[in-house]
Protein chains: 2
Amino acid sequence: MHVLLVEDDPLIAQGLVAGLELQGFTLDHMAHARAAEQALQLGHFDVMILDLGLPDEDGLQLLTRIRSQGKDLPVLILSARDTVLQRVAGLQAGADDYLLKPFDLRELAARLHSLLRRSSGRSSNLIEHHGLTFDPSSQAVQLHGEAVNLSRREQALLAALLQKPGHILSAEQLQDSLYGLGDGVESNAINVHIYNLRRKLGSDVVKTVRGLGYRMGVPHEPT
Amino acid sequence: MHVLLVEDDPLIAQGLVAGLELQGFTLDHMAHARAAEQALQLGHFDVMILDLGLPDEDGLQLLTRIRSQGKDLPVLILSARDTVLQRVAGLQAGADDYLLKPFDLRELAARLHSLLRRSSGRSSNLIEHHGLTFDPSSQAVQLHGEAVNLSRREQALLAALLQKPGHILSAEQLQDSLYGLGDGVESNAINVHIYNLRRKLGSDVVKTVRGLGYRMGVPHEPT
DNA sequence: CGTAACTGTTAATGCTGTCTTAATTAAGCC
DNA sequence: GGCTTAATTAAGACAGCATTAACAGTTACG
């Protein structure tokens, strides 16, 4: 799960990055509207957290411009402005949710999950795929009712693949989804994690599409 | 826009019906979980407003059951319960938004619009051609419903031809489309790839126009 | 505080499918 | 029939990936 965080207060940003990464999100943090807009052009994000009080531009203006470009990524506004009119203005500018500062990290996480669920067209928080279930909010994986112990990277990889079942994801896309845009790995780390996933969930969980990337497949049969 | 309102307090319900219908929504009002569930089976709704304090069942239970049936209509929870845990519980049960009583009608309307915009904004740009489908976003090819496994070059070739059905593309044009303008191949590679495409999709997928190039044709019949 | 277990990354090796090449056969055209 | 163009086939080169092992960093626990 790749989150673009647009927030100028370094303290809040730092807390959010740490807290949400613990919950399995991958964050890229920008402190200015300009930088955020560039980041959006550069890579793919699953959701944006937008602070309204930015130094170089009002968050609503940024949001409006993003929407006018046809981008439809879910946007959650984070703001201290609490009047009905301001909240309505936020939603009308194209936000999908509006959370007040100060906020509770658990609620923010739950709302992010809810937005992601909706944007990926699912009806429930639980992702189910041929006997394999993954709960993004609790980060628990089960295969045919049996709990499976996955490491952080393995979980992130599985989540990225499950988010778009049927789609082919290139190694680069997966890398962005696991590490964020800035610092990636310089080796076949993704490759190795895929291999480990297959050892735990069956060699067919992930299909290789030679030259293009990987795609979700069918896991182990029940024993 | 068709809204299913599930709310047992007749005063609030009446106000909502009147207020939202003024804003162009169409409302159906149910006061019990049972009735709401039946209404969902019977007809189509674009969004549901759900009060948690229902007489016959807790709203969260109803929501969970609806989600387990695979229904993915957007749900906005209306509740007086205001603790973080309760809001998180609501979102985890599959709600898309959570609004506190007492609420402002303008904000409710704005949030409904936000939900609807998101749920309707999903379109696919599938290319279809005589039973052959190609989805550029997932890079998946299907012939009469059956998935077909194409290699990278074969896909690129097919995509180039499908982009301009009816047009004749010279071997040189196809080469540019596969390899870029700079460095091409110096043999009949395109020719061989065409041959392999025909083996997988039927000898008539690609028509040869002698002296000029190739153009899209009709693939295999369904077996 | 130190050891053990686990996790993540890097790197080396070998395998496999794909791409290209080239040679041969078949088809269209004057 | 001779010439040109395309289809078919097979073989080698190559790139991409799986697999394995080693190492460093981190966490858990005595």
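Computation of the quantities below employed the complete heavy-atom set of this structure, encompassing side-chain atoms and omitting hydrogens, waters and symmetry-equivalent molecules. A note on names: the letters A, B, ... follow the listed sequences, proteins ahead of strands, and every chain is numbered from 1.
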Nearest whole Å is fine: how far is D/dA6 C1' from B/Leu174 CG?
14 Å
Give me the one residue out of A/Leu112, A/Leu4, A/Val6 that meets side-chain contact (heavy atoms from CB on, under 4.5 Å) with A/Ile49.
A/Leu112
To the nearest Å, give me how far apart CD1 (A/Ile190) and P (D/dT19) are.
17 Å
Could you tell me whether A/Asp72 and B/Arg117 have a side-chain N and a carboxylate O separated by less than 4.0 Å?
no
According to a strict under-4.0 Å criterion, is B/Thr208 in side-chain N/O contact with OP1 or OP2 of D/dT5?
no
Of all the choices, D/dA6, D/dT19, C/dG8, which nucleotide is nearest to the side chain of A/Ser151 once you look at every atom?
C/dG8
Whole angstrom is fine here: how far is it from CD in A/Gln175 over to P in D/dC17?
13 Å
Is the shortest distance from a Lys or Arg side-chain nitrogen in B/Asp82 or B/Lys101 to a carboxylate oxygen in the other one below 4.0 Å?
no
A/His193 side chain, from C-beta outward: closest of D/dA7, C/dT20, C/dG8
C/dG8
What's A/Arg210 touching, base or sugar-phosphate or nothing? Going by heavy atoms closer than 4.0 Å.
base
Candidates C/dT9, D/dT9, C/dT21 - which lies nearest the side chain of A/Ala189:
C/dT9
Separation of B/Asn188 atom CG from D/dA7 atom C1', in whole Å?
10 Å
Run the numbers on A/Ile66 and A/Met48 for side chain to side chain contact (heavy atoms under 4.5 Å, CB included), then give the verdict.
CA-CA 11 Å; A/Ile66 289 170; A/Met48 172 162 81; 3.6 Å; yes
If you check the B/Arg153 side chain, which of C/dC19, D/dT8, D/dT19 turns out closest?
C/dC19
For A/Asn196 and D/dC17, what is the distance between atoms CG and P respectively, to the nearest whole Å?
17 Å
Rounding to a whole Å, what distance do you find between A/Ile194:CD1 and D/dG16:P?
17 Å
If the cut-off is 4.0 Å, is A/Tyr179 near the phosphate of C/dT9, judged by side-chain N/O to OP1 or OP2?
yes
Answer yes or no: is there an ion pair linking A/Arg34 with A/Asp56, defined by an N-O contact shorter than 4.0 Å?
no
Is B/Asn191 close enough to D/dA6 that one of its side-chain N or O atoms is under 4.0 Å from OP1 or OP2 there?
no
Contacts of A/Glu154 and B/Arg152 projected onto DNA chain C by closest heavy atom; the upstream (5') one is A/Glu154
Angle, rounded to 10°, between the helical axes spanning five pairs at each terminus of the helix from C/dC1-D/dG30 to C/dC30-D/dG1?
30°
Within the structure shown, what part of the strands sits under 4.0 Å from A/Ser187 by heavy-atom distance: base, sugar-phosphate, or nothing?
base
In whole Å, what is the span from the OH atom of A/Tyr214 to the P atom of D/dG16?
12 Å
In plain terms, say whether B/Asp96 and B/Arg67 are close enough for a salt bridge, that is, a side-chain N and a carboxylate O under 4.0 Å apart.
yes
Can you tell me if the side-chain N/O atoms of B/Tyr195 get under 4.0 Å from OP1 or OP2 in D/dT9?
yes
Does A/His113 have its ring centroid less than 6.0 Å away from the ring centroid of A/Phe25?
yes
Between C/dG8 atom C1' and A/Glu21 atom CD, what is the distance in whole Å?
15 Å
Decide, yes or no, whether a salt bridge links B/Arg65 with B/Glu57 under the criterion of side-chain N to carboxylate O below 4.0 Å.
yes
